[in-house]
**Student:** 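Okay, handing you the structure first.
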Amino acid sequence: MSEARDEILGLLRRSLHVSGAEAPRRAAVQSRLAGAPRGVIPARGQLDRAGRVALFTQMAQAAFASVAVAPGPADVPAEAARWLRDNNLPASLRMGADLRLKAMPWAGTALEIATGRSDGRDLNAISHAFAGVAESGTLFLTSGPENPTTLNFLPDNHIVVVSAADIEGDYESVFERLRTSFGKGLMPRTVNMITGPSRSADIAQTMLLGAHGPRKLHIVIVDAA
Amino acid sequence: MSVHSNPTTPQFKDNAHKAMGDPQLQQAMGKLRAGFTALRQMAISRLPEFESLRDSARDIKNHTLAHLDLYIEAYEKKVTESGGHVHFARTAGEARQIIVDICKTRGAKTVTKGKSMISEEIALNEALEAAGVAPIETDLGEYIIQLRGEIPSHIIGPAVHLTKEQVEGDFRRVHTHLPVDRDLHEPTQLLTEARGILREKFLASDIGITGANFLIAETGTSIIVTNEGNGDLTQILPKCHIVIASLEKITPTLEDAAQLLRVLARSATGQEMSVYTTLSTGPRRPDDVDGPEEYHVVLLDNGRSSMIGTQFQDMLRCIRCGACMNHCPVYHAVGGHAYGWVYPGPMGAVLTPSLIGVEKGGQLPNASTFCGRCESVCPMRIPLPGMMRHWREREFERHLEPSPVRYGLGVWAFFAKRPWLYGAATRIAARAMAYYARKTGRFAALPLASGWTDWRDFPAPEGETFQAKWKRERTAK
């Protein structure tokens, strides 16, 4: 369909009264794509680390996620087990190949751990977030064998671990981290920005949790000072 | 033929009339009036930077539209580099054909779909069905209206026009494999039932089709924004993900998308952020354990390239938040279906004539009180009332309005161009009307004004014209 492509670009250029070859236009586009200038950044997230963790917690809770703090990575399994128990959920958990999660002392709990992608039969899953954003209590998860994207959506209950050091004030700072990790202009197959558990207001305009994705989202902040 | 391919827009007046007499619709619309507007207001009051974000969002889109040809080229290059394919479609028909061909080549039997207004615009489901492919809408609202054979009545809440009793009726009618005596009284029971049914569809789907809120030129990424997570299950489970989006969704960088995201959810639902904002780039990578093996983007023009450089260019800034309809007194009164095609409310009144022609869509720009609320809440600062006026002018130029309107405007113009005559005529009319209605102060019937007086009384003038009163009070100062 290159004929359609050329005609659409031709129509656009006719409407814009340009040829597409104008140097100043090309330079404007190149510099925006290369520099990715930041726009207006809300002041609310521009805090020190403790402030960002506090705001992240408050915003995630306002979006109906539950939040707990673990003093170190070694405390995560006990917190996960406690949360599952308190919510009367089965003592099973699926995770990907994330080395940070693997290194945690799961044997110290009674949890039955499964690994790999979900086929839709798991009730509970745990993932490690790439980062968090204080501004809106949003988690960033990246796809890959470490944290398969199916774990973010198929299980009923999702536990997400995020390091306090990875909680930024704004989305822009996380985009910069993505460029550092994956390369400028390159992205993992999927980046999920997640703010609270799944919901819908499509029936009688009544907001209900647990539409298609997780019914519950529990965030464990690892705050190793 | 469905409303998609056969708009009832030319019958807007009849549609509106019926809608105002529909008690279930009026019940649902009453709820909408209170809900969305209050939530938006609260969200905005929590963010002091909201107004400057609106300016920033508007400027980003203006810059992008002015360089759209170059950003499309940059976007296409990045998608291709990440292993995806971009297909260009000039018309709705071309877009349908591209998607049907992808489905047929892969022997697809069922296709799950995330919510997409472009899919509605091109009537994709009809084309898939005709090709023997079963399309399954997975956004709860879209699923409900698919069961009913309807079009969305709102761009972000397709089923806002329905009560829970109506949804219960539809589920009982269609989900006949479930026990007849099951309890579906509560909205949560309805949600659970739909979740169970659609979960099976997700897992069995051959191809997933989603829309896109933004297409990022910097990275070749498509972004969808949802609350349910259906768009994600749609794209990560099947072997092939098709994105259908129109040209103006192109956005230069991730930073630019962040500006737009900050105004989108707040304007739409009053959320700080929608639950799922998903950035998808190409097919699955060699070491991925899930995700689609193929990634296609169908980039649709359908008349948009011709809107650039015209007085309707600003409409291409629209990010489909729905704030204009949530705040529109006409939309509140008649609901979305009265508009007769896929885009309702003020944004639909401007966009519909561009897409289906002013001959069919010309009534919509007249469905406005010009109260200006749509423009005042539009996060992209689109001058919607101004553009509706442009359409009215075009309609007049092309002699499309009914002849009494044209004749009446001609008579009015004759007087308006002769101020002394206008003054004299209105003076006499005002006095005469005041005299005739001196007992009641209103008219139950007036010649040539039955469109008004059939429904409500016409208040009588007090005997003096506005101009005379203005002159008198100015002189008195």
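The shown structure was predicted, so the numbers you read here are calculated from the model rather than taken from an experiment. Here is the naming used below: chain letters follow the sequence lines, and residue numbers restart at 1 for every chain.
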**Student:** Is the backbone N or O of A:Ala43 less than 3.5 Å from a side-chain atom of B:Glu49, with the two atoms forming a donor-acceptor pair by type?
**Tutor:** yes
**Student:** Taking NZ, NE, NH1 and NH2 as the nitrogens, is one of them in A:Arg189 or B:Asp288 under 4.0 Å from a carboxylate oxygen of the other?
**Tutor:** no
**Student:** To check you understand the geometry: which heavy-atom pair defines the closest contact between B:Leu65 and A:Leu16, and what is its length?
**Tutor:** O-CD2, 3.5 Å
**Student:** Measuring from atom CG of B:Asp301 to atom CD of A:Glu7, what distance do you get when rounded to the nearest 0.5 angstrom?
**Tutor:** 8.5 Å
**Student:** Measuring only between side-chain heavy atoms, which start at C-beta, is A:Arg199 closer than 4.5 Å to B:Gln271?
**Tutor:** yes
**Student:** When rounded to the nearest 0.5 angstrom, what distance separates OG in B:Ser306 from CG in A:Leu12?
**Tutor:** 8.5 Å
**Student:** Hey, is B:Arg262 close enough to A:Glu172 for a salt bridge, meaning N to O under 4.0 Å?
**Tutor:** yes
**Student:** Mind ranking A:Arg26, A:Glu146, A:Arg38 by heavy-atom pairs under 4.5 Å with chain B and telling me who comes out on top?
**Tutor:** A:Arg26
**Student:** Please classify the contact between B:His241 and chain A as side chain, backbone, both or neither, with a heavy-atom cut-off of under 4.5 Å.
**Tutor:** side chain
**Student:** Grab the two heavy atoms, one from A:Met187 and one from B:Leu254, that are nearest each other, plus how far apart they are.
**Tutor:** SD-CD1, 4.1 Å
**Student:** Can you find a heavy atom in the side chain of B:Leu237 that is under 4.5 Å from one in the side chain of A:Thr150?
**Tutor:** yes
**Student:** Any side-chain heavy atom of B:Tyr71 sitting closer than 4.5 Å to one from A:Leu33?
**Tutor:** yes
**Student:** With a 4.5 angstrom heavy-atom cut-off, could you sort out which part of A:Leu209 is near chain B: side chain, backbone, both or neither?
**Tutor:** backbone
**Student:** Out of A:Gly185, A:Gly35, A:Gly137, A:Gly10, which one racks up the most heavy-atom pairs below 4.5 Å with chain B?
**Tutor:** A:Gly185
**Student:** With only heavy atoms counted, which part of B:Ala57 is less than 4.5 Å from chain A, the side chain, the backbone, both or neither?
**Tutor:** neither
**Student:** Before accepting this row, confirm whether a basic side-chain N of the pair A:Arg14/B:Asp69 lies closer than 4.0 Å to the acidic partner's carboxylate O.
**Tutor:** no
**Student:** Would you check if A:Leu154 and B:Leu233 make a side-chain contact, meaning some heavy-atom pair closer than 4.5 Å?
**Tutor:** yes
**Student:** Using every non-hydrogen atom in the two residues, find where B:Arg199 and A:Gly120 come nearest and quote the distance to one decimal.
**Tutor:** NH1-O, 4.4 Å
**Student:** With respect to chain B, which residue among A:Ser143, A:Ala34, A:Pro188 yields the maximal number of heavy-atom pairs within a distance under 4.5 Å?
**Tutor:** A:Pro188
**Student:** Hey, mind stepping through B:Arg46 and A:Arg44 against side-chain contact (heavy atoms from CB on, under 4.5 Å) and telling me if it holds?
**Tutor:** CA-CA 10 Å; B:Arg46 289 191 296 262; A:Arg44 70 155 74 136; 4.1 Å; yes
**Student:** Can you tell me which portion of B:Leu247 sits under 4.5 Å from chain A's heavy atoms? Options are side chain, backbone, both or neither.
**Tutor:** side chain
**Student:** Side chain from CB out, backbone as N, CA, C, O: work out which of these in A:Ala65 comes under 4.5 Å of a heavy atom of chain B, or both, or neither.
**Tutor:** neither
**Student:** A:Arg13 versus chain B, heavy atoms under 4.5 Å apart: side chain, backbone, both or neither?
**Tutor:** side chain
**Student:** In Å and rounded to the nearest 0.5 Å, what is the CG to CZ distance from B:Leu279 to A:Phe175?
**Tutor:** 6.0 Å
**Student:** I'd like to know which of B:Thr188, B:Asp232, B:Asn230, B:Leu261 tops the heavy-atom pair count under 4.5 Å against chain A.
**Tutor:** B:Asp232
**Student:** Which bit of B:Thr64 comes within less than 4.5 Å of chain A, counting heavy atoms only: side chain, backbone, both or neither?
**Tutor:** neither
**Student:** Under a 4.5 Å cutoff for heavy-atom pairs, which residue among A:Ala28, A:Gly39, A:Pro145, A:Ser136 has the most contacts with chain B?
**Tutor:** A:Pro145
**Student:** For A:Met59, is it the side chain, the backbone, both, or neither that has a heavy atom closer than 4.5 Å to a heavy atom of chain B?
**Tutor:** side chain
**Student:** Do B:Glu73 and A:Leu9 have side chains that get closer than 4.5 Å, going by heavy atoms?
**Tutor:** yes
**Student:** What pair of heavy atoms forms the shortest contact from A:Thr206 to B:Pro187, and how long is it?
**Tutor:** OG1-CG, 4.4 Å
**Student:** Do A:Ser2 and B:Phe88 come within less than 4.5 Å of each other through their side chains, counting heavy atoms only?
**Tutor:** no
**Student:** Taking atom types as modelled and ignoring hydrogens, do the side chains of B:Glu228 and A:Ser200 form a donor-acceptor contact shorter than 3.5 angstrom?
**Tutor:** yes
**Student:** Would you call B:Asp256 and A:Arg32 a side-chain contact if the rule is heavy atoms closer than 4.5 Å?
**Tutor:** yes
**Student:** Please name all residues satisfying side-chain contact (heavy atoms from CB on, under 4.5 Å) with B:Lys201, sequence neighbours left out, ordered by chain then number.
**Tutor:** B:Thr112, B:Ile136, B:Ile197, B:Leu198
**Student:** Identify which part of B:His63 has an atom lying under 4.5 Å from any heavy atom of chain A, answering side chain, backbone, both or neither.
**Tutor:** side chain
**Student:** Could you check A:Met193 against B:Tyr276 for side-chain contact (heavy atoms from CB on, under 4.5 Å), going step by step and ending with a plain yes or no?
**Tutor:** CA-CA 6 Å; A:Met193 298 166 67; B:Tyr276 301 113; over 6 Å; no
**Student:** Can you tell which of A:Ala63, A:Gly144, A:Gly210, A:Gly96 has the highest number of heavy-atom pairs within less than 4.5 Å of chain B?
**Tutor:** A:Gly210
**Student:** Of all of B:Ala159, B:Gly282, B:Gly309, which one pairs up most often with chain A through heavy atoms under 4.5 Å apart?
**Tutor:** B:Gly282
**Student:** From A:Asn192 CG over to B:Thr278 OG1, what is the distance, rounded to the nearest 0.5 angstrom?
**Tutor:** 4.5 Å
**Student:** Please confirm whether the backbone N or O of A:Ala204 pairs with a side-chain atom of B:Lys31, one donor and one acceptor, at under 3.5 Å?
**Tutor:** yes
**Student:** What's the shortest heavy-atom distance between A:Val29 and B:His67, and which atoms?
**Tutor:** CG2-CB, 3.6 Å
**Student:** To the nearest 0.5 Å, how far apart are CD1 in A:Ile203 and OG1 in B:Thr163?
**Tutor:** 11.0 Å
**Student:** By a 4.5 Å heavy-atom criterion (distance strictly below it), what part of B:Ile144 contacts chain A: side chain, backbone, both, or neither?
**Tutor:** side chain
**Student:** What I'd like to find out is whether the side chain of B:Thr219 reaches to under 4.5 Å of the side chain of A:Leu186, using heavy atoms alone.
**Tutor:** no
**Student:** Walk me through it: do B:Glu255 and A:Glu176 pass the test side-chain contact (heavy atoms from CB on, under 4.5 Å)?
**Tutor:** CA-CA 9 Å; B:Glu255 273 70 6; A:Glu176 208 45 55; 4.3 Å; yes
**Student:** Can you tell me which portion of B:Leu203 sits under 4.5 Å from chain A's heavy atoms? Options are side chain, backbone, both or neither.
**Tutor:** side chain
**Student:** So which part of B:Phe202 gets closer than 4.5 Å to some heavy atom of chain A, the side chain, the backbone, both or neither?
**Tutor:** side chain
**Student:** For A:Ala36, which atoms come within 4.5 Å of any heavy atom of chain B: side chain, backbone, both, or neither?
**Tutor:** both
**Student:** Indicate the atoms forming the closest heavy-atom contact of B:Met273 with A:Thr138, along with that distance.
**Tutor:** CG-OG1, 3.9 Å
**Student:** Please state whether the side chain, the backbone, both or neither of A:Pro214 comes within less than 4.5 Å of a heavy atom of chain B.
**Tutor:** both
**Student:** Please report the interatomic distance OG1(A:Thr190) to CD1(B:Ile236), rounded to the nearest 0.5 Å.
**Tutor:** 7.5 Å
**Student:** Quick check on B:Gln235 against chain A: is it the side chain, the backbone, both or neither that has a heavy atom closer than 4.5 Å?
**Tutor:** both
**Student:** Given a strict heavy-atom distance threshold of 4.5 Å, which part of A:Thr149 is in contact with chain B: side chain, backbone, both, or neither?
**Tutor:** both
**Student:** Count the heavy atoms belonging to other residues, nucleotides or ligands that lie under 6.0 Å from CD of A:Glu112, then report whether that count exceeds 12.
**Tutor:** no
**Student:** Does a side-chain N-to-carboxylate-O contact under 4.0 Å join A:Arg179 and B:Glu218?
**Tutor:** yes
**Student:** For chain A, find which of B:Thr310, B:Thr91, B:Leu47, B:Thr221 contributes the most heavy-atom pairs closer than 4.5 angstrom.
**Tutor:** B:Leu47
